[in-house]
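Okay, so here's the structure we're looking at.
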Amino acid sequence: MTGATIDSEKTSGPPSSTNSKEVKGENGLLKPKKPVPDPEPYETHQLGVFRTHISWGGSNSSLLNLKSYFTEVFTGYLPTLYRLLSDIYALAPVILVLYFMATFWIGISQAVEMSITSRMLQSLERVLNGENASHKDIARSLTLLVSWSAFSGCLDYYKNQIFFRLRSRVINHFQLMIMRVDLGRDLPTSQDETTKTSLTAEEAWEALERLSDYFQNLVSAASQIFAMIQIASDAGGPLFVLACLARPLYEQVGTISIYDAVCFAYDNNEDHIRLRALECLARDQYRQDIISGNLTEWIIQEYCKMKDRLLDTQEDDPLYLFHARQQFRTDIVGKVLKDLPLIYSAVYALLNPSRFSLSGIAIMRSSAQSLHWIFYSIIREDLGMKKKVRNLQNLYSTNEIKNTMEDGTTNYPDEKSNPDGMAFELRDIEFSYPGSESKEPSLKNVNLKIPAGSLVIFVGANGSGKSTLIRLLSRLYDPSSGSLLIDGQPSTSYRLSSLRESSVLLCQDHNVFPFSFAENIGLGYPALMDNIELVKDAAEKGGSKGFIEKLQKGFDTVLYPQIATVSQNLEHYPEHPLHKGADIFWEYIRSRAFMRMHSGNIRFLAVDEPTSALDSEGEYELFNRLLESRAGKTMIFVTHRFGYLTKHADMIVCMKDGEIAEVGKHSDLITKKGEYAKLYNIQANAFLADASDDLLYGHGSTPSDPGTDGNDQDNWDDSCDNESSN
Ligand SMILES: Nc1ncnc2c1ncn2[C@@H]1O[C@H](COP(=O)(O)OP(=O)(O)OP(=O)(O)O)[C@@H](O)[C@H]1O
């Protein structure tokens, strides 16, 4: 098999390997797997070693296919571009109009230059031919030309000035739009891969810029054709214009480039595939096998054999090979068409010597060349603009992505709400995380009533569903099935924002914001964040005040969340206070939660397992501080430590494998000897073992042991005694 092209055929239906694909679209939106609809009939060519399928239908937006081109333009692009222009006009009307006026004038500048130059050359030609020509005409044309050039220079300068101002307005506007969209997403929607986008505000600006370039090219082409028709009277009339346009029209409109078609090519040459395989063997990963098998000679021989068999078969990019073949044809026809104006002029001069003008022909020839490039730019700009408009459409469509979670219409609390705190009722709840691959739901068969104002403790093994249940109660997610009632009403009937205002969630997933300590804490309740006394009070309760006040700038010290990036400079200063800043972030988060309490609206407080960041003493202190403000609140704590809290809880919910295993008070559950008693005894026995080790080695109890806090020690010991005797 030699040469670039062996066979060509026309088939209908898609090549199977392209029929279904997961794509990250050019627009940056991740698309789910879905079958690609059957494309247009496609051609098959053998281009060197590649079997190549080409569907010209993919380029149906080419100017040749006028119907689909205009359908696409009028139904798809123009409305989007109109929307873009309206948005920008509302934003900066004067700058936008000035920008397009400058674009228009720059667009016609070449045609104006062409007309002035033509007039000047004609006058000069008459002078040279000894005809009666006014020197004033030549001087006027020259003045006009110089003035126009100066005007064009000014236009370019002012367009650049306007360009930067408009650009920053457009980018700021769309950045704000993207911020609103991103910040407005609820958790399930933000975790949905199909709604993620990598598009930036730059896309909007680039679409506008393309539109302005396209507009400039259209104005330029139209004005130059108009000018050519004016000038053509001296060079052979409208037919001469057509002769000049023949080449650019043929090259840019009459042929569709392979790069605009939809193609799929695969190597189907067995010798070449084997050659590639042999090349792979030179990689390090095969080194040991090749040395131990003494295969080097065999590989070289096989490689030479394949090379001989392939001879001159092209291995290059098949699209390039096709383009080269297409180019060959285009070049020959194009070169012949390039001479058409001259051929026409020669014939015209012979037939009508009196009306013949050499200057007209010179102008037209140079204009034909310039038009060639303008047509080329229009076609390229058209393709580029389509891509940009598609991105813009996707940018706008992110604005229309609806949140998965239903928002209600009733404000919480309302007159029916319980003043003692939020009351919850969960009925047959099942829940799987969005996009979770797990066959088992994270929660199932959950039925539970939590009375208003109660203190509830969730316990259970790792992964049993405690945090997930807290997330559902806080309405970070909605159940996959079943219903959640808040104060007897479906949770979806309440406005999400009002529920959030009435709840505090303290969990381990919180982050430090890139603001000052004061703001980090104050953002617990933005309405009062300027009241530094309240911020300090919250800091004290959360345990961060002592550290913050030691810093040079105190509460005004700014913490950056990109601490890892900053820390590259910190490694040389192990004692630097910012290390500590990263370590104690939990204290700020807790302080933020206390700040939130200042709102006075809180009816529900959920604390999800702060124990990993706290020793038992710290946990005890935190819970006590939280419990001080218990009035009018339902409180739910997730903890791994059994002791003080579990014994004082109104209700303990013990979770196992996503289900509620038991519900009850501490003493009842211990008596029941079920899951709770089992977990409790595991911890009690571990504690007793540690305690006896300490007695043996004389260290006393460790601070991390559960139940070692003051009076609680007695309670813990008592209960351990009781339980061990069980
Ligand atoms: N964001 C998530 N996406 C998918 N699955 C999750 C997600 N978070 C938790 N899960 C799964 O849900 C189940 C319950 O997890 P959950 O975190 O609620 O348990 P937990 O009892 O709070 O555990 P731990 O005590 O370790 O925090 C687990 O199987 C976990 O793998």
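Both ligands and their constituent atoms are indexed starting at 1 by order of listing.
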Those residues at least two apart in sequence (or on a different chain) that pass salt bridge (Lys or Arg N to Asp or Glu O under 4.0 Å) with Lys678 are Glu675

request  = Please name the pair of heavy atoms, one in Asn447 and one in Ile660, separated by the smallest distance, quoted to 0.1 Å.
outcome  =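 Closest approach of Asn447 to Ile660: O-CD1, 3.8 Å.
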
Which of Asp650, Leu627, Val504, Val456 passes side chain to side chain contact (heavy atoms under 4.5 Å, CB included) with Met635? Answer is Leu627

Which of Ile486, Val663, Leu473 passes side chain to side chain contact (heavy atoms under 4.5 Å, CB included) with Ile450? It is Leu473

Atom CE of Met422 and atom CG of Asp487: how far apart are they, to the nearest 0.5 Å?
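Answer rounded to 0.5 Å: 7.5 Å.
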
For ligand 1, the residues whose heavy atoms come within less than 4.0 Å (ordered by chain, then number):
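Shell around ligand 1 (4.0 Å, heavy atoms): Tyr433, Ser442, Ala461, Asn462, Gly463, Ser464, Gly465, Lys466, Ser467, Thr468, Arg471, Glu609, His640.
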
- Item | Salt-bridge criterion met for Lys541 and Asp537 (N-O under 4.0 Å) |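 Salt bridge between Lys541 and Asp537, a charged N being under 4.0 Å from a carboxylate O: yes.
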
